[in-house]
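Below is one structure, written out as structure tokens, with a few remarks after it.
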Amino acid sequence: IEWKSGQYREGRLPDAFAVPWTGKLLNRISATQTSGFAGVCSVLRAGDRMVAIHMGMRSAKVLHYWFPAYDPEFAKFSTGIILLLRMAEALSAQGISTIDLGGGKSQYKERLMTGEVSLGSGSVELPSVITAVRRLQRTAEVRAARRGVPAVFHLPFRVIKRIERKL
């Protein structure tokens, strides 16, 4: 969690682990082990030292690659990629036919993917001040992503997210 939080900070992204429910959800997922759904934790070690880790989940045939992280001291060795490739080998032998790398663009995803599926998202919310603020935030984020916005304009997004966490 410390490595992943550090990666979020370095990328100037919201830290998924800043909200307590993320850790609770991961604990529940990791405790679930059935043939149709299970939490999956994979570790890459160099000797006794852990250098990369992944926590995610799988269905009967799909691994959902969720929270990969690596020791920053070993970043130049691409330990995260090595872990993912080793996972693919091991999971194939267990009947997993697809690794879902999730949404978003990353260089490693572009290099390793063999296909892609369109994603959709949405929400249903009751009318309120908070709903209006969220709608404005989403609209601003979409416009910022399309046009490229200077870092100074990201501050209002962070303030809104902080307010949402407190509510």
Side-chain angles (χ1 to χ4, degrees), residues 1-34 37-59 61-92 94 96 98-114 116-117 119-121 123 134 137-138 140-142 144-145 148-149 151 153-167:
I1 290 174
E2 288 175 24
W3 290 345
K4 194 65 185 178
S5 290
Q7 289 172 339
Y8 286 135
R9 281 190 304 276
E10 189 176 301
R12 295 185 175 181
L13 298 168
D15 183 354
F17 296 101
V19 289
W21 66 263
T22 306
K24 290 177 185 173
L25 176 62
L26 282 179
N27 285 333
R28 288 186 69 189
I29 289 171
S30 67
T32 304
Q33 298 294 313
T34 68
F37 179 88
V40 176
C41 182
S42 303
V43 177
L44 179 68
R45 296 182 184 278
D48 291 338
R49 185 164 177 177
M50 185 170 59
V51 296
I53 188 167
H54 165 263
M55 178 62 204
M57 58 192 152
R58 65 143 183 86
S59 62
K61 296 195 180 270
V62 178
L63 173 83
H64 299 277
Y65 192 70
W66 223 11
F67 288 108
Y70 55 86
D71 186 334
E73 287 184 43
F74 289 82
K76 67 181 179 182
F77 299 109
S78 300
T79 55
I81 298 289
I82 293 169
L83 174 62
L84 178 55
L85 293 173
R86 296 254 176 107
M87 288 171 59
E89 285 179 317
L91 292 165
S92 176
Q94 296 174 20
I96 301 293
T98 302
I99 298 177
D100 181 347
L101 297 174
K105 302 252 183 222
S106 294
Q107 191 175 42
Y108 80 93
K109 291 179 184 182
E110 295 290 328
R111 288 182 175 172
L112 296 175
M113 71 180 187
T114 57
E116 62 185 306
V117 175
L119 297 176
S121 66
S123 64
R134 285 186 185 142
Q137 176 189 3
R138 285 190 293 269
E141 287 173 344
V142 167
V149 173
F153 293 114
H154 290 280
L155 181 61
F157 301 144
R158 285 191 225 129
V159 171
I160 290 169
K161 286 187 188 286
R162 187 173 292 164
I163 290 168
E164 283 182 331
R165 274 189 242 130
K166 301 254 188 246
L167 297 175

Is it true that a side-chain atom of Ser92 and a backbone atom of Ala88 form a donor plus acceptor pair closer than 3.5 Å?
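No, Ser92 side chain to Ala88 backbone: no donor-acceptor pair under 3.5 Å.
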Rounded distance [0.5 Å steps], [atom1] in [X] versus [atom2] in [Y]:
| X | Y | atom1 | atom2 | value |
| --- | --- | --- | --- | --- |
| Lys24 | Thr22 | NZ | OG1 | 10.5 Å |
| Arg58 | Ile29 | CZ | CD1 | 12.5 Å |
| His54 | Tyr65 | NE2 | OH | 6.0 Å |
| Ser30 | Met57 | OG | CE | 12.0 Å |
| Thr98 | Lys61 | OG1 | NZ | 9.5 Å |
| Met87 | Ile96 | CE | CD1 | 10.0 Å |

Show which side-chain atoms of residues 99-112 pair as donor or acceptor with protein atoms under 3.5 Å away, not counting sequence neighbours.
from	atom 1	to	atom 2	distance (Å)
Asp100	OD1	Gly102	N	2.8
Lys109	NZ	Leu101	O	3.0
Lys109	NZ	Gly103	O	2.6

For Thr34 versus Ala38, what's the shortest heavy-atom pair and its separation?
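Result for this residue pair: O-CB, 4.0 Å.
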Atom pairs and distances, side-chain donor-acceptor, residues 69-77, under 3.5 Å, sequence neighbours left out:
from	atom 1	to	atom 2	distance (Å)
Asp71	OD1	Glu73	N	2.9
Asp71	OD2	Arg49	NE	3.3
Asp71	OD2	Arg49	NH2	2.8
Glu73	OE1	Arg49	NH2	3.3
Glu73	OE2	Arg49	NH2	3.3

Does Glu116 have more than 12 heavy atoms from other residues, nucleotides or ligands lying within 6.0 Å of its CD?
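At most 12 heavy atoms, drawn from other residues, nucleotides or ligands, come within 6.0 Å of this atom.
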Under the rule for ring-ring contact (aromatic ring centres under 6.0 Å, His included), what residues qualify as partners of Phe67, not counting sequence neighbours?
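Once residues adjacent in sequence are excluded, the partners of Phe67 under the ring-ring contact (aromatic ring centres under 6.0 Å, His included) criterion are Phe17.
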Pairing residues for Leu44 by the side-chain contact (heavy atoms from CB on, under 4.5 Å) criterion, not counting sequence neighbours:
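Per chain and number, Leu44 pairs via side-chain contact (heavy atoms from CB on, under 4.5 Å) with Val51, Ala52, Thr79, Ile82, Leu83, Arg86.
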For Thr32, which residues count as a side chain to side chain donor-acceptor pair (under 3.5 Å) partner, sequence neighbours excluded?
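Once residues adjacent in sequence are excluded, Thr32 has no partner under the side chain to side chain donor-acceptor pair (under 3.5 Å) criterion.
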